[in-house]
Amino acid sequence: MRRIGLTQFLIEQQRAGHVSADLRLLIEVVARAVKAISVAVGKGALSGVLGESGGENVQGEAQKKLDVIANEILLEANEWGGHLAAMASEEMDDPHVIPTGYPKGGYLLLFDPLDGSSNIDVNISVGTIFSVLRCPEGIENPTAEDFLQAGTKQLAAGYSVYGPSTSLILTVGDGVHGFTLDREMGSFVLTESNMRIPADTKEYSINSSNRRYWEAPVKRYIEEVEAGKNGPLGKDYNMRWVGSMVADVHRILTRGGIFMYPKDTKDASKPGKLRLMYEANPMAMIVEQAGGAATTGADRILDLTPEKLHQRVPVILGSKNEVDRVTGYHKA
Ligand code: AHG
Ligand code: MN
Ligand code: MN
């Protein structure tokens, strides 16, 4: 069968009016950075990239060497192409404005350079998450404020998984498409068009060690799920928690499921663990584009008005009927 590479796919998306030439270039450059990160991650202990960097990010989390390396790779790859006005990252306090000397473009790029960092040193899948917004008109040097746009404004979103194979999942608002890295050729090949999340599922994903901090609706749902066939939901469920959102979401995109990092009372300053701008929003766009749903329990994630660049939100996403059920319990 004839193979469709990422470049051909994007050119066809451009012809169909789904992406501009600049957005196409931007996505190609992100994909190139993803390949470089995949190589760095893949070397593991051979190249001394495992372990702590010694630094902390703005959120007080210890940075791993690969968090810093992946961030650098994305910055360097995207600085000079002329398609971006600025970039924001989990690993940087403030946005990175395109240095003088390079032309500026009309887009803003946000990323979680390496998601699932606690899994790096134990050889479990990690990934990169990204989101693209338009830079507001007339803004030369974007600040954090210019990034604070609702998830519905995203022009593109995607993630990669560095697992047994490297996958790149992408949406530009016209469904969700999956690519696999052909390592010998160094190119991404379209391997799944129009990925759809089944509306029903028997698989759930939550870190139950936080159970005592959950709110009543989530406690209720998990109790019902655990009750299985004889409980109110009338079926047995299975549980999976990788600890890398990219891997958990990828499983859900592939075969359905519900993923929850709900609001908890563990730390009053953190109403959830995951970050809105570069984790929850891009994943919510992908999940909705694949027919699933994504809420905080109270609200649709994509409708939230961001308040801060590094804001955290509760996340409940995946198979639509299951997410609707948990969201319904929050309203009951
Ligand atoms: P990051 O490595 O970018 O900080 O994100 C980690 C996130 C997410 O990938 C995962 O779902 C969650 O943290 C795991 O949290 P727990 O360690 O609390 O299970
Ligand atoms: Mn993350
Ligand atoms: Mn990260």
Side-chain angles (χ1 to χ4, degrees), residues 33-34 37-38 40-41 49-53 55-75 87-93 109-131 157-163 169 203-214 218 222 239-253 257-267 270-284 286-287 294 296 301 309-318:
V34 160
I37 298 171
S38 174
V41 168
V49 293
L50 303 186
E52 310 282 326
S53 75
E56 260 191 7
N57 66 17
V58 63
Q59 317 173 52
E61 296 161 341
Q63 285 173 315
K64 299 276 184 183
K65 284 184 196 159
L66 273 171
D67 285 324
V68 177
I69 292 168
N71 192 59
E72 284 297 317
I73 289 174
L74 280 156
L75 290 180
M87 294 177 252
S89 160
E90 176 185 327
E91 305 303 343
M92 302 187 297
D93 305 11
L109 176 66
L110 294 109
F111 44 81
D112 175 355
L114 213 59
D115 174 67
S117 336
S118 74
N119 281 327
I120 293 171
D121 295 343
V122 290
N123 200 11
I124 291 175
S125 299
V126 291
T128 299
I129 311 174
F130 69 95
S131 160
Y159 69 83
S160 60
V161 186
Y162 312 113
I169 305 302
E203 211 158 53
Y204 71 103
S205 195
I206 192 165
N207 182 342
S208 320
S209 71
N210 296 319
R211 184 186 302 255
R212 67 193 181 284
Y213 303 114
W214 295 338
V218 170
I222 296 300
M239 197 279 286
R240 286 286 182 272
W241 182 257
V242 178
S244 296
M245 187 193 202
V246 283
D248 282 312
V249 169
H250 195 62
R251 185 187 59 252
I252 288 170
L253 200 58
I258 178 168
F259 170 93
M260 284 170 282
Y261 215 117
K263 183 162 186 231
D264 64 38
T265 56
K266 200 173 182 176
D267 176 347
K270 294 180 187 164
K273 172 165 187 188
L274 300 171
R275 277 58 53 111
L276 174 60
M277 301 301 296
Y278 39 81
E279 291 178 318
N281 268 343
M283 289 309 203
I286 290 165
V287 165
T296 62
I301 286 174
L309 189 57
H310 299 287
Q311 177 178 350
R312 295 175 193 261
V313 290
V315 173
I316 298 169
L317 61 75

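Each ligand, and each atom within it, is numbered from 1 in the order the structure gives. Computed from a prediction, not measured in an experiment: that's the story for all the values here.
Residue Gly116 places a heavy atom less than 4.0 Å from ligand 1.
The shortest N or O to N or O distance between Asp112 and ligand 1 is under 3.5 Å. Considering backbone and side-chain N/O atoms, Phe259 never comes within less than 3.5 Å of an N/O atom of ligand 1.
Within the 4.5 Å cutoff, side-chain heavy atoms of Leu114 are placed close to those of Val41. You'll find the side chain of Val287 stays beyond 4.5 Å of the side chain of Phe259, heavy atoms only. The side-chain heavy atoms of Glu90 and Phe111, taken from C-beta on, include no pair separated by under 4.5 Å. The shortest distance between side-chain heavy atoms of His250 and Ile169 falls below 4.5 Å. Counting only heavy atoms from C-beta outward, the side chains of Gln311 and Arg275 never approach each other to under 4.5 Å. Between Met239 and Ser205 there is no side-chain heavy-atom pair separated by less than 4.5 Å.
Here the CD1 atom belonging to Ile73 is positioned 5.0 Å from the CD1 atom belonging to Ile37, to the nearest 0.5 angstrom. Rounding to the nearest 0.5 Å places CE of Met283 at 9.5 Å from CD1 of Ile252.
Of the candidates Arg275, Lys273, Met260, it is Arg275 that places a heavy atom closest to atom 4 (O) of ligand 1. If you check each of Leu274, Asn57, Val315 against atom 7 (C) of ligand 1, the one with the closest non-hydrogen atom is Leu274.
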Please report the C-alpha distance between Trp241 and Tyr204 in whole Å, then the side-chain angles of each, then the deciding distance to 0.1 Å, and finally whether the ring-ring contact (aromatic ring centres under 6.0 Å, His included) criterion is met. CA-CA 8 Å; Trp241 182 257; Tyr204 71 103; over 10 Å; no
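Contact record, Gly116 with Val126: O-CG1, 3.2 Å, taken as the closest heavy-atom pair.
Of the charged side-chain nitrogens involved, none lies within less than 4.0 Å of a carboxylate oxygen, so that Asp264 and Lys273 do not count as a salt-bridged pair. Ion pairing between Glu203 and Arg251 holds under the 4.0 Å rule for side-chain N and carboxylate O.
Taking a cut-off of under 4.0 Å to the non-hydrogen atoms of Ser244, the atoms of ligand 1 that pass are 9 (O). Of all atoms in ligand 1, numbered sequentially from 1 with element shown, those under 4.0 Å from a heavy atom of Met245 are 8 (C), 9 (O), 10 (C), 11 (O). Taking every heavy atom of Glu279 and a limit of under 4.0 angstrom, the matching atoms of ligand 1 come to 3 (O), 5 (O). Listed by atom number, the atoms of ligand 1 under 4.0 Å from Glu90 heavy atoms are 1 (P), 3 (O), 4 (O). Residue Leu114 approaches ligand 1 through these ligand atoms, each under 4.0 Å from one of its heavy atoms: 2 (O), 3 (O). When each atom of ligand 1 is checked for a heavy atom of Trp241 under 4.0 Å away, the hits are 14 (C), 19 (O).
Atom 18 (O) of ligand 1 has Tyr261 OH, 2.5 Å as its closest protein atom, hydrogens excluded (heavy atom only). When only non-hydrogen protein atoms are considered, atom 14 (C) of ligand 1 lies nearest to Gly243 O, 3.7 Å. Here the protein heavy atom with the shortest distance to atom 19 (O) of ligand 1 is Asn207 ND2, 2.8 Å.
The Mn ion (ligand 3) has Glu90 OE1, Asp112 OD1, Leu114 O as protein N, O or S atoms under 2.8 Å away.
Checked by atom type and distance alone, the side chain of His310 never pairs as donor or acceptor with a backbone atom of Val58 at under 3.5 Å. Of the possible polar contacts, none joining the Asp248 side chain to the Met245 backbone as a donor-acceptor pair under 3.5 Å is found. Of the possible polar contacts, none joining the Thr128 side chain to the Tyr159 backbone as a donor-acceptor pair under 3.5 Å is found.
Its N, O or S atom nearest to the Mn ion (ligand 2) is what matters here, and for Glu279 that atom is OE2.
Both the backbone and the side chain of Asp115 come within contact range of ligand 1, each with a heavy atom under 4.0 Å. Neither the backbone nor the side chain of Asp67 comes within contact range of ligand 1; no heavy atom lies under 4.0 Å. Residue contacts with ligand 1 for Ser117 involve both N, CA, C or O and side-chain atoms from C-beta outward (heavy atoms, distance under 4.0 Å).
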